[in-house]
Amino acid sequence: METKTGEPLIHLGVLEEALNLARANSLWPLTFGLACCAIEMMAAGAARFDLDRFGAGVFRPSPRQCDLMIVAGTISKKMAPAVVRLYEQMPAPKWVMAMGNCAISGGPFYYPTQYAIVPGADLIIPVDVYVPGCPPRPETLIEGILILEEKITKRGRLRKFRDAKG
Amino acid sequence: MLKDNLTKALAPLNLEKVAEGDYAKTGYHLEVAALPAQLPDVAQAMLAADCFLESFTAVDLNEAFDLVYHFASFDELCRTAVHVPLGKKKGMPTISHIYPGADWYEREVFDLFGIHFFNHPNLKRLLLPEDADFHPLLKDFGASQGND
Amino acid sequence: MELVAQLLGSEGARMVVGLIAVIALVSVNALFLIWMERKVAAHMQLRPGPMEVGPHGAFQTVADAIKLMGKELITPAEVDKPIFWLAPIVIFLPVLLSFLVIPFSSTWIIRDMDVGILLILAFSTLSVLSILMAGWSSNNKYAVFGAIRSVAQNIAYEIPLLVTVMSIILMVGSFKLTDIVAAQSGLWFVVVQPLAFILFIICATAETNRAPFDIPEAESELVAGFHTEYTGMRFALFFLAEYTNMFIAAAVATLLFLGGWHGPFLPGVVWFLIKVYAVIFLLMWFRWTFPRTRFDQLITFAWKILIPLAFVNLLITALVLKLR
Amino acid sequence: MNAVSAWLTPQTAATAAFVMVIGLTIVGALIAVGARNIFHNVLGLCVSLFGVSGIFLFLNSPFVALMEILIYIGAICVAICFAIMLSEPMYLPPPPRNKVKVLGAAIGAGGIFVFLGLLLKKTQWTAAPERSTDWSVTTIGHYFLTNYALIFELVSLLLLVAMIGAIVTARGGRSKP
Amino acid sequence: MTELLGIEEKTYTLNLGPQHPSTHGVLRVILEMDGEFIIKAEPVIGYGHRGHEHMAENRNYTQFLPNLARVDYLHALAYNQCYCMAVEKFLDLKVPERAEYIRVITCELNRITSHLLWFGAYLMDLGAFTPFLYCFDDREHLLDLLDGLTGSRLTYCFFRFGGVPIDIDDDFVAGCRAFVSRLRSRWDDYNNLVTKNVIFINRTRDVGIITRDQCIKYGITGPILRGSGIPYDIRKSEAYSAYPEFDFEIPIGSKGDIYDRYIVRLAEMEQSCRIIEQACNQLPDGPIMAEKVPKRIKPPVGEVYQAVETARGSFGMYIVSQGDVKPYRIKLRTPSFANMSFFPEMAVDNLVADLVANLGSIDVVIPEIDR
Amino acid sequence: MVFSDPILLGCLLTVFLPLSAFALIMIFTRDNHKLSLAISLVASTIPLIIAWTFFFKLGGRAPIIYNFDWLVSDIVKVPFGFLLDPTSLVMLVIVASISWLVQVYSIGYMAGDQGFGRYYADLSLFALAMLTLVISSGLLQLYIAWELVGLASYLLIGFWYEKFSASEAGKKAFVVTRFGDIGFFIGLVFLVIFYGNLDIATVNAAAVSKSMPPWLLTASGLLIFCGVMGKSAQFPLHVWLPDAMEGPTPVSALLHSATMVAAGVYLMTRIFPFFAASATTMTVILVISTITLILSSTIALVATDIKQVWAYSTVSQLGFMAMGLAAAALASGTLFAGYYHLTTHAAFKALLFLCSGVFIHHYGTNDFFSMATQGGRKLLIPMACITIAALALAGIFPFAGFFSKELILTTLAHLDNKLWLVLGLFGAFLTAYYSFRVIFVMLFPKAPEAYLKVPGHIPHVEDEAHGHGAHGHDDDAHGHGHDEHHGVPWVMVFPLLVLASFTLILGFCQGYLEKLLLGASHPHAMNYFLLVAAVGCALSGIAMAWLDWGRKDAKCVGFISKFPALQTFFIQKWYMDHFWRWFLNRFIYGIFSKWFTYNDRRVVDGGVDAVAFSTVGSGRLLSFIQTAFLQYNLLFMVLVLAGVGIYLMMGR
Amino acid sequence: MLLFNQLQTYLFLALVLFVIGLYGVLARRSLIAILISVELILNAASINFMAFNRFLAPHPAVGQVITLFIMAVAAAEAAIALSIIVAVYRKMRSINVEHATELRG
C-alpha cells in the first residue's frame with residue numbers, strides 16, 4: 001500500500017475545509033517584535049490599518065495561544081535560540097511570517113564579516129510567507145496575511161471563497 | 001568657567017597633556033591625555049566637578065589601543081576628551097566604582113575589544129552571547145574570522 | 001430528602017431542558033459578547049474592528065472558536081497533569097450551575113430556589129479555586145503569580161460584594177431572586193441604594209477580573225497570567241468562562257439593582273437582556289478606558305475604602321429598616 | 001419499558017445521587033489526607049467538602065449546604081491555597097514518610113473507629129417527641145439573635161480577634177519601602 | 001534548619017523576556033524576587049545587536065548613512081542629522097540656512113512621532129489600550145507628511161552631507177501647520193483620558209524617582225533627566241543647526257518620578273509644535289545644498305565628537321578618521337544605553353508592576369542600546 | 001417611624017452624627033485637616049442645636065422614653081433606647097455646648113498639629129460616647145457608653161503619644177478607671193441576676209417602691225459607686241485625673257473638668273432614688289467624697305502647674321458635688337443641689353481650663369509663675385475671664401458658684417452631724433485660697449527671683465510645655481515663642497466669652513432649673529448664718545491669698561510653709577501614688593510572685609534534690625512521650641482513649 | 001428504608017470522615033496538611049449535628065445554627081492557623097511539624 005507522505009489518511013472533506021477557513025480567518029499573531037518592523041506591525045494593528053478587520057488583530061502575549069509568528073526584525077545570533085523556542089511552544093497548526101528584509105535574508109546588515117545576525121529566519125524555522133520591505137509598510141503586512149490565508153485555505157479568505165464557490 | 005576649574009583640578013595629577021580643544025573642529029573644549037593608572041584620579045576630579053561620563057570607547061590602533069573617555073556637564077557647555085593609550089594585552093583600572101554608569105561601557109569595550117578591566121564587579125560579555133570567542137571590533141577580526 | 005426527591009422528580013424534565021438551554025445560551029452569549037467586546041473596543045479606538053468575516057464580522061468569533069477547537073492541545077512536560085486538565089472544566093461548571101437560579105422573567109427560570117442569590121455567590125467563589133488550579137499546575141512562574149494575585153484580589157473583593165448584597169437581602173427579607181425582583185416592581189433598588197450599586201459594580205468588575213482590575217492576567221506584567229500555558233480549547237474554556245462570568249455578574253446587578261425583568265411594553269425577557277447587556281457594555285467601557293491599577297493599590301482600595309463603605313451602607317440600611 | 005420505569009423511581013435516583021455524594025466525600029477525604037502533594041490535599045478537601053455540602057442538601061438544608069460551599073470552599077480552602085503559595089516552596093520534593101508515625105496513626109485512628117463504631121451501634125437514638133417543621137432561614141436568623149445571641153456575640157468577637165491576630169501574626173514581611 | 005532543607009533564601013529568579021509584552025522588543029531582565037518584590041534586577045542586552053559599529057568600518061561614509069535610521073528607528077532624522085553634522089565638521093561644509101530649517105522641521109516632526117509612540121506604548125504597558133490607538137491615529141497623519149517628503153514611513157534617510165536632497169513646498173508647510181493645530185486640539189483628550197486619571201496618577205506618582213546625583217553618575221539624559229529637574233537640552237546648550245533662532249522652552253519636572261517624565265514628554269511635544277510653527281513662519285529662501293560638496297567623501301585625519309538631542313536624550317557620534325574613504329572607527333553614544341544602565345538600581349525594592357512602569361518610562365529602543 | 005418622629009430623629013442624629021464623623025475622619029480624611037475639621041464641626045453643631053431645642057421644647061414635659069429590643073431572652077431583657085427627662089436634658093445641653101465650644105477653641109489651640117485630624121476624630125468619638133451616655137435609657141447601654149468615654153479619654157490623654165509621660169498618663173487613667181469599672185460591672189451583674197432589668201426608670205421605681213431587697217440595694221449601690229469613684233476621680237481612685245492633664249488643654253477642659261468626670265456624678269443623679277434608698281451607701285459616699293474634697297484642696301495649695309491646680313480643684317469640686325448628693329439623700333432632700341453645682345461647675349471650670357489653655361498656648365509653659373513673670377496679665381480678655389471663673393469657683397456673689405455652693409452647704413447643714421458642714425466650709429476656704437493664689441500671682445507678678453523659694457516651681461523650663469515645641473510644632477513657623485506677643489485667635493477667645501457669660505447668668509437661673517428638674521421651685525429659706533459663714537470663708541481665703549501672694553511685699557511662700565511637714569505631705573500628694581505602688585507590689589505582684597517562688601523552691605528544687613538519681617533513668621523512659629513532638633503526644637492520647645473506649649464498649 | 005433516610009448512615013459517614021481526619025492529624029508532617037485534617041474532623045461534627053437536627057431534634061433550626069457556628073469557628077481557626085503557619089515559615093523556613101520543636105524542654 002502506498003501513501004504519499006504528508007497526506008492524511010482520511011480526508012474529512014468539507015469539515016477540513018471549514019476548519020481551514022476558520023483558521024485562515026482567525027490568525028492570532030504573537031506579540032513579538034525584534035526591531036524596526038515591530039513598529040510597523042503595531043501600526044498595522046492600529047487605527048488606520050486595523051488588522052482586526054481580518055480577524056488577525058488579537059495579539060496574544062503567550063506563544064501557547066498563537067497561530068502566527070510574525071518575525072518582525074533582525075534575528076541576532078543571541079536571539080535565535082529564543083525564537084526557535086517560541087516557535088516550538090506554539091501549538092500546531094502554526095505559521096511563520098518573515099517580515100522585513102532582515103528576517104528574509106539579513107537585509108542591509110548582511111555583509112561578509114557580519115558576525116551578529118542570522119541572515120534569514122528560514123535558516124532556523126520554517127517560514128510560510130515573506131513580506132519584503134525595510135520596513136514593510138502596513139499595507140504590505142496585510143497583503144502578507146491575505147496571502148497566508150490563501151495558502152491555508154487554498155482559495156483565499158471568506159469573501160473570495162464564497163465567490164469561488166458561487 | 002568650568003574649563004578653567006577643571007584645568008586647575010587636573011593640574012596636580014601630572015597628566016601628560018591638559019590642553020584647550022578646538023570646539024569648532026572636534027567638539028572638545030578640553031583635551032586631556034593620561035596614563036591608565038591616572039585615570040581613576042581623573043574620573044574622581046571630573047565627578048567632583050559635577051561632570052558626567054558621556055561616552056567611553058576604545059580605538060584599535062593595531063599596535064595599541066586608544067581609550068577615549070568623554071565627559072560633559074549638565075550645567076555648562078564643556079566637553080572633555082580624555083585619551084588613554086593602552087598597550088595590547090594590558091589591563092585597565094575600572095572607574096565603575098566612581099561612575100556606576102561606566103559599568104556597562106567597560107563591559108561593552110571588554111566585549112568588543114577584549115580589554116580587561118581590573119576590579120570590575122561584573123566583567124562579562126554585554127552584547128554578544130556569553131559563549132562567543134571573538135572580539136569583533138579588533139582590526140584583525142575580519143581576517144581571522146573570515147566569512148560567516 | 002423531600003427536596004431531593006422533588007429535584008429529581010417532576011422537576012427533572014424541566015431541569016434537563018433548562019440545562020440544555022443554558023449551555024446553548026452560554027455559548028451563544030459568549031460568542032456574541034466577544035464579538036461585542038471587539039466591536040465596542042474598536043469603535044472606541046477609531047477603527048472598525050472585525051469586518052470581513054460575515055456582515056460586520058459577525059462570524060468572527062465563530063471562526064475563532066472553530067479554530068481553537070482545531071488547535072493542538074499541548075500539555076507541557078512539567079505540569080501537574082490531572083489538575084492542569086481539570087482546571088478549565090472546574091472553572092466552567094460553577095458558572096453553568098449559576099444559571100439554574102437566574103430568573104430571566106417571572107416565569108423563565110429553571111429553578112426558583114429559596115436561597116438563589118446565595119447559590120450564585122457561593123459558586124462564584126469557586127472560580128478562584130480553578131484559577132488557582134490552573135496557575136499552580138502550570139508550573140510557570142507567571143501563572144503562579146497570576147493565581148496568587150487573583151486569590152488575594154478575590155478575597156479582598158468578595159467581602160464588600162457579599163456585604164453589599166446583604167444590604168439588598170436585608171431590604172427584601174429573602175434570598176429568593178424572584179422575591180428580590182418583585183420587590184422592585186415600583187422603585188428599582190439602584191435609586192434606593194446608589195452607593196451599594198456602585199460598590200457592587202466595582203466589586204463585580206474585580207471579581208470577573210476585568211480592567212482596571214485585571215491584574216491576574218495583566219498582559220504587560222504577567223504575559224497571560226494564570227492561563228499562560230493553556231492552548232486551544234482549554235484556553236477557549238477560560239475565555240468562555242470569563243465572558244459567562246461577566247454575564248452572570250451583570251445579571252445579578254440587574255436582578256438586585258435594576259429591577260430584573262420589570263419594564264414597560266416589552267416582554268420581561270427582553271427587558272432583562274437589555275439591562276444585562278447594558279451593564280456589560282458599562283464593564284466594557286471601563287475596560288477600554290482605564291489603565292490597570294497596581295496590585296497593592298488594588299488591595300488597599302478594597303480593604304481601606306470598599307469594605308468600610310460596604311459595612312457603613314449595611315449599617316445604615318439596617319438602621320433605616322429597623323426604625324422605619 | 002415498564003421494568004425500567006419501575007426501577008427508575010425518584011427514590012432510586014436519589015439513592016444513586018446519595019451514594020455519589022458519599023463517594024465524593026470519602027474519596028475527597030482520602031485524597032486530602034493521603035496524597036503526597038500538598039496542593040492535591042487541598043483539592044481533595046474541596047471535593048470532600050463539596051460532598052458534605054451535598055449531604056447537607058440531603059439533610060434538607062440548602063442554606064447550610066450553600067454556606068458550606070461559600071465559607072469552606074470559597075474562603076477556607078482558598079486561604080489554605082494562599083498559605084501554601086506563600087509558605088512552602090512548591091518545587092521541593094515532599095519529605096519521606098515516617099513509617100512509625102504512619103503506623104501509629106493508623107492504629108490510633110483504627111482504634112477510635114472501632115470505639116465509636118461500637119458506640120454508634122449500641123446507642124438507641126430516640127427522636128424528640130414533638131418536632132417542629134420550620135426549616136426557614138428566617139428562623140435560623142431569629143435563633144441567632146435570641147436564644148443563641150451570646151454565642152453569636154462570642155463568635156463575632158472570635159472572628160474579630162482572629163482577624164486582628166492573623167494580621168498581627170502574619171505581618172512583618174517585607175513591605176514597600 | 002535552612003541547611004536541613006537545603007533552602008538558602010526564599011527568593012527566586014524570574015526571567016522577564018527576551019520575549020515579553022512589556023520589554024518593547026528583545027530585552028531580557030533577570031529578576032531576583034521575594035514575593036512580588038524585586039531584590040535584584042539584571043538586564044541582559046544584546047538580543048538586537050547587529051554590529052553597526054563594525055559595519056561602519058567596512059563601509060564608506062555615504063554607505064553608512066542609512067544605517068543610522070536603523071539604530072533608533074523612532075527618531076531616525078536626529079541620528080541622520082548628527083552623522084551629517086559630524087561629517088560636515090570634518091569637511092568644513094557650511095549648510096545653507098534653508099536646509100537647516102528643513103532639517104529642524106522634519107527632525108521635530110519626527111520627535112513628535114517618537115513621543116506619541118512612547119505615549120501610546122507606555123499607556124499600554126499600564127494596561128490602558130485606547131490611548132495607544134489614539135496616538136497611532138495622530139501619528140499616521142504625521143507619517144503621511146514625512147512619507148510624502150522622504151519616501152519612507154519609519155527609517156528615514158533624508159539628510160545628506162551639506163544639506164537635504166529635496167526641497168519642501170507650500171503643501172508640506174501647510175500640512176505641518178494643519179498637523180500642529182490638530183495635535184493641539186487633542187491635548188484636552190489626552191489630559192482627560194490620561195493625565196487626570198486617578199489610576200494613572202497613582203501608578204506613576206512617586207514611582208521610579210531619579211535624583212540629580214544619579215543622573216550624573218549614570219550619564220542619564222533626555223526627558224528622564226529633565227523630569228528630574230535638570231534643564232539640560234543639547235538643542236539649547238550646544239545650539240546646533242537652526243535651533244538658536246527659535247524661541248522654545250525646556251520643560252522640567254520637580255520630583256523626578258515617572259509622572260514628571262510623562263509631563264515633560266507631553267510638554268516637549270508642545271515645544272516641538274512651537275518650533276515647527278516658528279520654522280514654517282520664518283522659512284528662508286535659498287539653496288538646500290552646500291556648494292562644493294566633494295563627490296568622494298574623504299575626511300582628513302582627526303577625530304570629531306558631535307552630539308544632538310534625540311527624543312530619548314543625548315546622542316553622540318565619535319568618528320575617528322585616518323584619511324580613508326572608510327571611517328576608521330565610529331562610536332555611537334546612544335542615550336538609552338546610559339539610561340538603561342540605571343535600570344537595575346531603579347527596579348530594586350519595587351513591585352513587578354512598578355518594574356513595567358519604570359521600564360516603560362525610560363522609553364527604551366532596544367536596537368539603539370544593542371546597536 | 002423615625003422620620004415621622006422628630007424627637008427620635010433628633011436623638012439618633014445626636015448619636016450617629018459624631019459616630020459617622022469619627023468613622024469618616026478616621027478612615028478617609030485624617031490627613032486632610034480642613035475637611036476633618038469641617039466634618040467634626042458639622043457633627044457637633046447639629047447635636048448642639050438639637051440639644052438646645054430639646055431643652056426648651058421638652059424641658060417642662062414628662063420624660064420621654066424610647067426603648068428598642070436589643071437582647072431579649074427569657075430571663076434578661078436588655079433594651080437600648082433613649083430617655084429624655086429634665087436630668088438628661090440639662091446634661092445634654094452641657095455636654096453638647098461645651099464640646100462644641102471646645103471644638104471651636106481647638107481650631108486655634110491645635111492649629112498646625114500633625115495629628116489634627118486624629119484629634120477631631122477622637123473628640124467626635126468622645127461626643128458620641130458622652131451623648132449616648134447622657135440620653136441612654138438603660139444601665140447597660142450607659143455602661144457601654146461609659147467605657148467608650150473611657151476609651152476616648154485614653155486616646156485623648158495619650159494624644160501626644162510620642163511623649164512618654166502622656167502615653168503613661170493615658171494608660172494610668174485607663175487602668176485606674178477600669179479598677180472602678182470592675183465594681184460597676186459587678187454591680188450591674190448583681191442587678192441583672194437578682195432583679196433582671198437594667199432599665200433606669202424601672203430600677204429607680206423599684207428602689208423607691210422598696211421592691212428590691214435592701215442588701216441588693218446596698219451591695220449593688222456600693223459597687224456601682226466604685227465606677228463613680230473611678231470616673232469622677234474620688235478618693236482613692238483620684239490619682240489618674242491630675243496625670244490626665246498631659247493631654248491637650250482643651251481636652252482637659254472638656255473631659256477632665258466639665259463633662260466626662262461629671263459623668264460619675266451624673267450617674268448618681270441618674271439613679272439617685274436607687275442610691276438614696278440605701279442609707280449605708282450614702283454614708284460611705286459622704287465619707288469618701290469629704291475625704292476627696294479636703295485631700296485634693298490641700299494638694300492644690302502647693303501645686304505650681306496651673307493645670308494641676310485646676311485638676312485638683314476639679315477633684316475637690318466633684319467631691320463637693322458627691323457630698324451634696326449624699327447629704328441630700330441622707331437628709332431626704334433632693335438631688336438638686338449637687339446637680340446644680342455640676343452645671344455651674346461645668347461652666348466655670350471649663351472656662352478656667354480654656355483660659356489657662358490660652359496662657360499655656362501663648363507662653364509655652366505650664367508653670368503659672370513663669371507665665372506671670374513673662375507678663376501673663378497682658379492678655380486682657382483671658383485674664384478677665386480667668387478672674388471671673390476663679391471668683392465663681394471661690395463662691396463669690398453674684399457668680400454661679402456662689403449659688404450652687406450655698407445650696408450644697410445648706411444641704412449639709414440639714415445633716416444632724418455638723419462636722420460635715422464644717423468640713424464643707426473648710427473646703428470652701430481652701431478653694432478660695434488656692435484659686436486666688438493663682439489669680440494674684442498672675443495679676444501682680446513679682447520679679448522671677450521672688451518665686452525661687454516656691455517648692456516645685458522650676459523657673460524657665462520650656463520643655464515642660466504641653467502645648468508646643470515638644471510635639472512636632474514648629475515654633476518659628478507658628479510664632480508661639482513666648483517673647484513674641486501677638487493677639488490670641490478669635491476662635492479661642494469666643495468660647496471664653498460664651499462661658500464667662502454663662503458663669504454670670506447661671507446663678508440666676510437657679511429657680512428655673514429647679515423648676516425644670518424637680519417640677520417645682522422651693523423657695524429656700526435663706527440661712528443667713530450659713531450665708532455669712534460661706535462668704536466669710538471664701539473671703540478669708542482670698543484675703544489670705546492676697547497676703548501671701550498678692551500684695552507688693554508678699555513673701556510668696558504660702559501660709560502652708562509654716563508647717564513644713566504638712567507641706568511636704570501635700571506636695572507628695574498625700575503619698576497616694578506611693579500607696580498605690582506599694583499596694584500593687586504588696587498584694588498583686590507580691591501574692592503571685594510569692595506563690596511562684598514557693599513553687600520554684602519547693603517543687604522544682606526539692607524535686608531535683610530528692611529524685612536526682614532516679615530521674616536519669618525514668619527521664620530516658622519518659623522522654624519518648626515528652627519529646628515535644630506534638631503528634632506523638634497526641635497519638636498517645638488517642639491510643640489511650642481508644643483503648644479505654646473499646647474496653648468500655650466491650651463491657652456493655 | 002432508604003439509605004439516605006436513616007440516621008445511622010449519616011453518623012457512620014461522619015465517623016469515617018472523623019477517623020480519616022484523625023489519621024491525618026496524627027500522621028502528616030506538614031502543618032497545612034494537619035490543618036486540612038482538622039477541617040475534616042470539624043466537618044464530621046457538622047454532619048453529626050445536621051443529622052441529629054434532621055432526625056431527632058425538636059426544632060430543626062438548632063442544628064443548622066450550630067453548624068453555622070462551627071463554620072465561623074473553623075474560619076477563625078483557619079485564619080489564625082494560616083497566619084501562624086506563614087509566620088512559622090518566615091522564621092524557620094519550614095512548615096514541617098517535626099522541625100517546629102523549639103518548645104522542647
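Each chain gets a letter, A, B and so on, in the order the sequences are listed, and its residues count up from 1. Scope of the values below: all heavy atoms of this structure, side chains included, with no hydrogens, waters or symmetry mates.
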Got a second to check how far [X]'s [atom1] is from [Y]'s [atom2], nearest 0.5 Å?
| X | Y | atom1 | atom2 | result |
| --- | --- | --- | --- | --- |
| D/Y148 | G/L68 | OH | CG | 12.0 Å |
| G/L35 | D/I80 | CG | CD1 | 4.5 Å |
| G/I20 | D/L30 | CD1 | CG | 4.0 Å |
| D/K121 | G/L11 | NZ | CG | 15.0 Å |
| D/M67 | G/M71 | CE | CE | 7.0 Å |
| G/E77 | D/I76 | CD | CD1 | 7.5 Å |

So which of G/I36, G/I47, G/V62, G/L22 has the largest heavy-atom pair count under 4.5 angstrom toward chain D? G/I36

Per-residue tally against chain D (heavy atom, under 4.5 Å) across G/A74, G/A14, G/G63, G/S37 peaks at G/A74

Do D/F144 and G/F69 have ring centroids that are under 6.0 Å from one another? yes

Please tell me whether D/F56 and G/Y10 form a close aromatic pair, meaning their ring centres lie under 6.0 Å apart. no

Should G/V65 and D/F152 be marked as a side chain to side chain contact (heavy atoms under 4.5 Å, CB included) after you check the CA-CA gap, both sets of side-chain angles, and the distance that decides it? CA-CA 10 Å; G/V65 167; D/F152 184 67; over 6 Å; no

Shortest non-hydrogen separation from [X] to [Y] and the atoms involved:
| X | Y | result |
| --- | --- | --- |
| G/V19 | D/A109 | CG1-O, 3.6 Å |
| G/G24 | D/V33 | CA-CG1, 3.6 Å |
| D/I71 | G/A75 | CG2-CB, 4.4 Å |
| D/I38 | G/A33 | CD1-N, 3.7 Å |
| D/L59 | G/A51 | CD1-N, 3.8 Å |

Can you list, pair by pair, the side-chain donor-acceptor contacts under 3.5 Å of residues 39-55 of chain D, counting residues two or more places apart and other chains?
from, atom 1, to, atom 2, distance (Å)
D/H40, NE2, C/D80, OD1, 3.2
D/H40, NE2, C/D80, OD2, 2.7
D/N41, OD1, G/R28, NH1, 3.0
D/N41, OD1, G/R28, NH2, 3.1
D/N41, ND2, D/I31, O, 3.0
D/N41, ND2, D/A32, O, 3.0
D/N41, ND2, D/A35, O, 3.0
D/S48, OG, D/T25, O, 3.1
D/S53, OG, D/A65, O, 3.3

Atom group of G/L13 that falls short of 4.5 Å from chain D, counting heavy atoms: side chain

Need one label for G/A78: side chain, backbone, both or neither, based on atoms under 4.5 Å from any heavy atom in chain D. side chain

Proximity breakdown for [X] and chain G, heavy-atom pairs closer than 4.5 Å:
| X | result |
| --- | --- |
| D/S156 | neither |
| D/V155 | side chain |
| D/F113 | both |
| D/A79 | both |

Using atom types as modelled, flag every donor-acceptor pair under 3.5 Å from a side chain in residues 38-46 of chain G to any protein atom, sequence neighbours excluded.
from, atom 1, to, atom 2, distance (Å)
G/N43, ND2, G/E39, O, 3.1
G/S46, OG, G/L42, O, 3.2

Can you tell me if D/Y72 has over 12 outside heavy atoms packed within less than 6.0 Å of its OH? yes

Check the orientation of D/W125 and G/F52. Use parallel for under 30°, tilted for 30 to 60°, and perpendicular for over 60°. tilted

Side-chain contact test, heavy atoms from C-beta onward, threshold under 4.5 Å: evaluate it for G/H59 versus D/T139 and give yes or no. yes

Give the intermediate values and the outcome of side chain to side chain contact (heavy atoms under 4.5 Å, CB included) for residues D/L158 and G/V73. CA-CA 8 Å; D/L158 177 74; G/V73 172; 4.0 Å; yes

